[in-house]
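Shown below is the structure under consideration.
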Number of protein chains: 2
Amino acid sequence: MITGQVPAAARALAVLRVLARAPGPLPAGALARELELPRSTVYHLLTAMIEQGFVTHLPEERRYGLGIAAFEIGSAYTRQEPLQRLSRLILTRLVDAVGHTAHLGVLHGREVLYLIEERAPGRPPLVTDVGVRLPSERTASGRAMLAALPAAQVRALFPGREPAQSPTQLRRLLTGVRRAGYAEEVDEVTPGFSSVAVAVLDHTGYPAAAVAVTCPSGTLDDDVRTRLVTSVTAAAQALERRLHGGRLTPADRPDSAP
Amino acid sequence: MITGQVPAAARALAVLRVLARAPGPLPAGALARELELPRSTVYHLLTAMIEQGFVTHLPEERRYGLGIAAFEIGSAYTRQEPLQRLSRLILTRLVDAVGHTAHLGVLHGREVLYLIEERAPGRPPLVTDVGVRLPSERTASGRAMLAALPAAQVRALFPGREPAQSPTQLRRLLTGVRRAGYAEEVDEVTPGFSSVAVAVLDHTGYPAAAVAVTCPSGTLDDDVRTRLVTSVTAAAQALERRLHGGRLTPADRPDSAP
DNA sequence: TGATCGTGTCTCGGATACGAGACACTGAAG
DNA sequence: CTTCAGTGTCTCGTATCCGAGACACGATCA
């Protein structure tokens, strides 16, 4: 439903969002149906978007997909956004220290949105790819952040009408996270893989992000867990210091955590 | 200069491109001046873009920056674009095999646009970040691709009015690249770092991309160069086979290159 | 303090963007 | 082969989007 003073502008952006959510390029007719727009309008929009590189036309398939300009503004966001800029090196060092793939995620509504995936050598790609959204209550990152949210806010996000997780179970789970100081997820996102995560709090105590590490479930005994939690916690704290305007010190390196 | 049937749509996209090229968030007045638009129009555009998450308002700074939706469509492009999808694993294996950071770049106009950076453990971030554009004739990736272009096309891209590189020098350089089968760049992009690159040709022989590896210049003796070139060439060929609809075989792994 | 500059918001007449509808083309199915 | 559904392109009357301009506010400077 497009309202406002510049409906054509809003429509172009809506086209981008539809194309981004699709598994691949779409026919113009499908776009028109999805957006409930006249066909001629959609062609006009697509023409402008192709000209500026945001959409690419695949004439053999008679479909339209995202264009290189979409990639460029996404990359520009990554370079400009302070949270991501500050996190890159910290996550790199975390991966070098623990040898497992690490992620930075943020809460967006009830979902986790993954901003960074720092892959460890020899490790496979995970479903938690950059730009991917997952239900927050099922992921370690989401749980870590939810546990740091005020209870009223968690209640507003999860009012209890879902069959997947009752408010009592969620409250219990988040209490456990707060007591332990980290969150965990075993086999729920990807069978055979487990994650531990720690929230990154801003200066008001709000969870701005979460740092997580993912390893094969079979390797996650008590020793490994302790070691991962220590490193992830140190990384989260380093990022907190960076967010609060602090400066990196040798103690901020995960491999020299106390 | 905005023309066409949906000028407001085109303007919104132009706003995104201006914000993407800026080092950080911009004031609305600066956007209006850059785009030569009335101020009230810019505020209307920004309102729609903020609503859909493409732009974020920083009221304390009285500036506007790219929003999370920009990141999401950029990530969606990465997931959907066949070249990037097909390249990820191949580049990962290349990095695992040679221990240095690898890149995938494409030619766009006279520039190289970096689509993928696969970082090696313990290696620092490079200027050749994803979404970054660099002059093609100064980078190994660009040289590899220019060498595979028809001469007429190279002449059209570099008509000789630049003081930086004469057409004769460029032609000689590209002849050398073709003879050697790979391109090189020493200390030109980043002092202290060198790259070797090989073009990836599509089924028509057009250079669809280039694979490159970057290492400290001090380590690049003849043995290392030979080893890197062999692995990069194998990766480029593996990607060519994937692009042509072939299927990965054990021989496609860089660490078992012939 | 007052003056100036830039930001953010809003109004309303008229220029232009929008879209209903038509036509040509293509590919798939019977 | 014919038919049908979908794609791509275009026209032109009118509804609505656009922007010139006004106002209020906040920050900075002399």
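Residue numbering restarts at 1 for every chain, and letters A, B, ... go by the order of the sequence lines.
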How many angstroms lie between atom CG of A/Leu31 and atom CG of A/Leu37, to the nearest 0.5 angstrom? 9.0 Å
For A/Gln84, which residues count as a side-chain hydrogen bond (donor to acceptor under 3.5 Å, both in side chains) partner, sequence neighbours excluded?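 A/Gln84 satisfies side-chain hydrogen bond (donor to acceptor under 3.5 Å, both in side chains) with no residue once adjacent residues are dropped.
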Residues passing the side-chain hydrogen bond (donor to acceptor under 3.5 Å, both in side chains) test with B/Arg17, sequence neighbours excluded, are A/Gln52
All side-chain hydrogen bond (donor to acceptor under 3.5 Å, both in side chains) counterparts of B/Arg133, not counting sequence neighbours: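 B/Arg133 satisfies side-chain hydrogen bond (donor to acceptor under 3.5 Å, both in side chains) with A/Glu72, B/His108, B/Glu111 once adjacent residues are dropped.
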Salt bridge (Lys or Arg N to Asp or Glu O under 4.0 Å) filter on B/Glu81, not counting sequence neighbours, yields none
Could you give the start and end, 5' to 3', of the contact zone on DNA chain C for chain B, using atoms under 4.0 Å from its heavy atoms?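 Boundary nucleotides touching chain B, in 5' to 3' order, are C/dG6 to C/dC18.
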Distance-only, no hydrogens or angles: does the A/Glu117 side chain make a donor-acceptor pair with backbone N or O of A/His103 under 3.5 Å?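 Judged by distance alone, no pair lies under 3.5 Å.
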Those residues that, when tested against A/Arg79, pass side-chain hydrogen bond (donor to acceptor under 3.5 Å, both in side chains) (two or more places apart):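 With sequence neighbours excluded, A/Arg79 shows a side-chain hydrogen bond (donor to acceptor under 3.5 Å, both in side chains) to no residue whatsoever.
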Results of salt bridge (Lys or Arg N to Asp or Glu O under 4.0 Å) for B/Arg88 - residues two or more places apart only: A/Asp129
How long is the straight-line distance from CG of B/Leu170 back to CG of B/Leu146, given to the nearest 0.5 Å? 6.5 Å
Not counting sequence neighbours, which residues clear side-chain contact (heavy atoms from CB on, under 4.5 Å) with B/Ala70? List them please. A/Ile73, B/Leu66
Consider side chain to side chain contact (heavy atoms under 4.5 Å, CB included). Of B/Thr41, B/Leu16, B/Val42, B/Leu35, which one does B/Arg11 pass it with? B/Thr41
Filter on ring-ring contact (aromatic ring centres under 6.0 Å, His included), then keep only pairs touching residues 11-57 of chain A, sequence neighbours left out; what's left? A/His57-A/Tyr64
For the helix from C/dT1-D/dA30 to C/dG30-D/dC1, what angle separates the axis at the start from the axis at the finish, each from five pairs, in steps of 10°? 40°
Distances under 3.5 Å between protein N/O atoms and the N/O atoms of nucleotides 16-20 of chain D, please, pair by pair.
{"unit_1": "D/dC18", "atom_1": "OP2", "unit_2": "A/Gln5", "atom_2": "O", "d": "2.8"}
{"unit_1": "D/dG19", "atom_1": "OP1", "unit_2": "B/Arg11", "atom_2": "NH2", "d": "3.1"}
{"unit_1": "D/dG19", "atom_1": "OP2", "unit_2": "B/Arg11", "atom_2": "NH1", "d": "3.0"}
{"unit_1": "D/dG19", "atom_1": "OP2", "unit_2": "B/Thr41", "atom_2": "OG1", "d": "2.6"}
{"unit_1": "D/dA20", "atom_1": "N6", "unit_2": "B/Ser40", "atom_2": "OG", "d": "3.4"}

Which ones in residues 54-69 of chain A lie close to DNA chain C, meaning a heavy atom under 4.0 Å from one of its atoms? A/Arg62
